[in-house]
Amino acid sequence: MNTSNVSIVIHAARDLRVEESGEISKIGSGQVLIEIQSGGICGSDLHYYNHGGFGPIQLREPMILGHEVSGKIVSTASDVSALSVGQLVAVSPSRPCQSCEYCLKGQQNHCLNMQFYGSAMPFPHIQGAFQKHLVAEAAQCVPADGLSSGQAAMAEPLAVCLHALKRAGDVMAKNVLITGCGPIGCLSILAARRAGAGQIIATDLSDFALEKARECGADLTFNTKETPYALARFQRDKGQIDVHLECSGAAGALAAGVACLKPKGTLVQLGLGGDMSVPMQAMTAKEITLRGSFRFHEEFASAVRMMQSGLIKVDALLTHRFDATDAQRAFETANDRSQAMKVQLAF
């Protein structure tokens, strides 16, 4: 095995480099060495690439990007028995400490000592998983037998959406509005449909994204750039929407959803675009429940199993694949919402 390691490193906004990062770390107790096969470019990766961060979270040192990855086991520690060499695994980027007050309450996504791949939130930054060889804890790895590496790398964004649906509560036979139809929005459509949603309405500013939303099962789609008042019909009688999954992080999309929500409806915010104003008067008068949704924990393994069983199929969202050495072009393609949904790197 080649003892060098190639990584995708962000130094500053628009300063993305493919770097040789020296020797591969040795595995310790409970760990495995993985040869990464696929890595998906996420919205947060694009924030680092385009702007050097988002909101108060800004790069302060070079950082390896990436947290949506899968790969094959190259070697295992002697005390690891549940995984085998050559096995494809989806790698959870979530590494909670399992000992802080939130972990002990079963709220690992709020861990006080979280080590989440590719995050500039703490300093020093947590290095990401866009590297040819990755040492990971065996507990992070979920066997992905029967999936392609590209499918397996979709476990992370799908887990985000499964957690959001859990936060939304019962959606059976309910009218669900999804604003923002990037990968998270489209995966939320798939998850909501699987959870028994009645009518699913989706909005975006891109016709390409809305086409993908329809492929994922949206009943009605609206380009709110071309038809700004398309949702007006859902505002009658104080609102026609039961649950709003806001995936864009745009204040306008949130406000439009609030106007459509029924009294005592539920708004789940997934999209992260920085702080924004909310129509608090309308939310108060309609007694709307606002719930944040952040990352995931146990949903990661569920995401893998749902793809393995065919309950959720993500293939239509995998639009582009580039060699990791062509990372710059991959990120530029991912920026183009007129043609790209999920862009993945092949390592």
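In this structure, Leu158 is a member of the same hydrophobic cluster as Leu245, with clusters built from ILVMFWY side-chain heavy atoms closer than 4.5 Å. Criterion: ILVMFWY side-chain heavy atoms under 4.5 Å apart, direct or through other members. Under it, Leu134 and Val80 are part of a common hydrophobic cluster. Under a hydrophobic clustering in which Ile, Leu, Val, Met, Phe, Trp and Tyr are joined whenever their side-chain heavy atoms come within less than 4.5 Å, directly or via other members, Val343 and Leu46 fall into the same cluster. Put simply, Ile34 and Val142 are part of two different groups of oily side chains (I, L, V, M, F, W, Y) that touch within less than 4.5 Å, one to the next.
Applying the ring-ring contact (aromatic ring centres under 6.0 Å, His included) criterion to His67, with sequence neighbours excluded, gives Phe116. For Asp326, the salt bridge (charged side-chain N to carboxylate O under 4.0 Å, His left out) partners at least two apart in sequence or on another chain are Arg329. For His297, the ring-ring contact (aromatic ring centres under 6.0 Å, His included) test picks out no residue, with sequence neighbours left out. For Arg17, the salt bridge (charged side-chain N to carboxylate O under 4.0 Å, His left out) partners are Asp15, not counting sequence neighbours. Checked against side-chain hydrogen bond (donor to acceptor under 3.5 Å, both in side chains), Gln131 has the following partners two or more places apart in sequence or in another chain: Asn5. Partners of Gln328 by side-chain hydrogen bond (donor to acceptor under 3.5 Å, both in side chains), not counting sequence neighbours, listed by chain and number: Tyr49.
Contact detail for Ile189 and Ala202: the closest heavy-atom pair is CD1-CB, 4.1 Å. The minimum heavy-atom distance linking Leu345 with Ala327 is given by the pair CD2-CA, 4.2 Å. Considering every non-hydrogen atom in both Ala129 and Ile36, the closest pair reads O-CG1, 4.0 Å.
The shortest side-chain heavy-atom distance between Gln339 and Thr319 does not fall under the 4.5 Å cut-off. The closest side-chain heavy-atom distance from Thr76 to Ser84 is not below 4.5 Å. A heavy-atom distance below 4.5 Å is not found between the side chains of Gln108 and Ser94. With contacts defined as side-chain heavy-atom distances shorter than 4.5 Å, the pair Leu165/Arg194 does not qualify. Between Arg167 and Leu270, the closest side-chain pair of non-hydrogen atoms is not below 4.5 Å. Two residues are said to be in side-chain contact when any heavy atoms from C-beta on lie closer than 4.5 Å; Pro183 and Leu317 fail this criterion. Between Phe296 and Leu162, the closest side-chain pair of non-hydrogen atoms is not below 4.5 Å. Between His47 and Gln58, the closest side-chain pair of non-hydrogen atoms is not below 4.5 Å.
Membership of the apolar cluster around Tyr102 extends to Leu112, as traced through chained side-chain contacts below 4.5 Å between ILVMFWY residues.
Here the side chain of Asp204 pairs a donor or acceptor atom with the backbone of Cys181 at under 3.5 angstrom. Checking side-chain atoms of Asn109 against main-chain N and O of Phe294 turns up a donor-acceptor pair under 3.5 Å. Side-chain N or O atoms of Ser38 include none that pairs as donor or acceptor with a backbone N or O of Ser70 at under 3.5 Å.
Here the OG-CD distance, from Ser25 to Gln31, works out to 9.0 Å after rounding to the nearest 0.5 Å. Note that CG of Leu83 and CD of Gln140 are 11.0 Å apart. Values are rounded to the nearest 0.5 Å. A distance of 4.5 Å separates NE2 of His133 from CD1 of Ile24, quoted to the nearest 0.5 Å. The SG atom of Cys42 sits 10.5 Å away from atom CG of Leu65, with the distance rounded to the nearest 0.5 Å.
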Which pairs would a plain distance check flag for residues 253-262, meaning a side-chain donor or acceptor within less than 3.5 Å of a matching protein atom at least two apart in sequence or in another chain?
| unit_1 | atom_1 | unit_2 | atom_2 | d |
| --- | --- | --- | --- | --- |
| Lys262 | NZ | Asp242 | OD1 | 3.1 |

For residues 271-282, please give each side-chain donor-acceptor pair under 3.5 Å, one per line with the distance, not counting sequence neighbours.
none

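In the model, Thr325 has a side-chain atom that pairs as donor or acceptor with a side-chain atom of Asp323 under 3.5 Å. Inspection of the Glu156 and Tyr117 side chains reveals no N or O donor paired with an N or O acceptor under 3.5 Å.
In this structure, Lys286 places its NZ atom where more than 12 heavy-atom neighbours from other residues, nucleotides or ligands lie under 6.0 Å away. Atom NZ of Lys105 has more than 12 heavy atoms from other residues, nucleotides or ligands within 6.0 Å.
For the salt bridge (charged side-chain N to carboxylate O under 4.0 Å, His left out) condition, the pairs that include at least one residue of residues 205-230, sequence neighbours left out, are Arg193-Asp219, Lys212-Glu215. The salt bridge (charged side-chain N to carboxylate O under 4.0 Å, His left out) contacts involving residues 298-318 comprise Lys166-Glu298, Lys166-Glu299, where partners must be two or more places apart or lie in separate chains. Among pairs with a residue in residues 204-245, none fulfils ring pair (Phe, Tyr, Trp, His ring centres under 6.0 Å), at least two apart in sequence or across chains.
Ring geometry, Phe347 versus Phe130: the interplanar angle falls from 30° to 60°, so the pair is classed tilted. Below 30°, between 30° and 60°, or above 60°: for Phe123 and His125 the angle between ring planes is above 60°, a perpendicular geometry.
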From CA spacing to verdict: side chain to side chain donor-acceptor pair (under 3.5 Å), Thr179, Glu246 | CA-CA 5 Å; Thr179 51; Glu246 205 303 286; 2.9 Å; yes

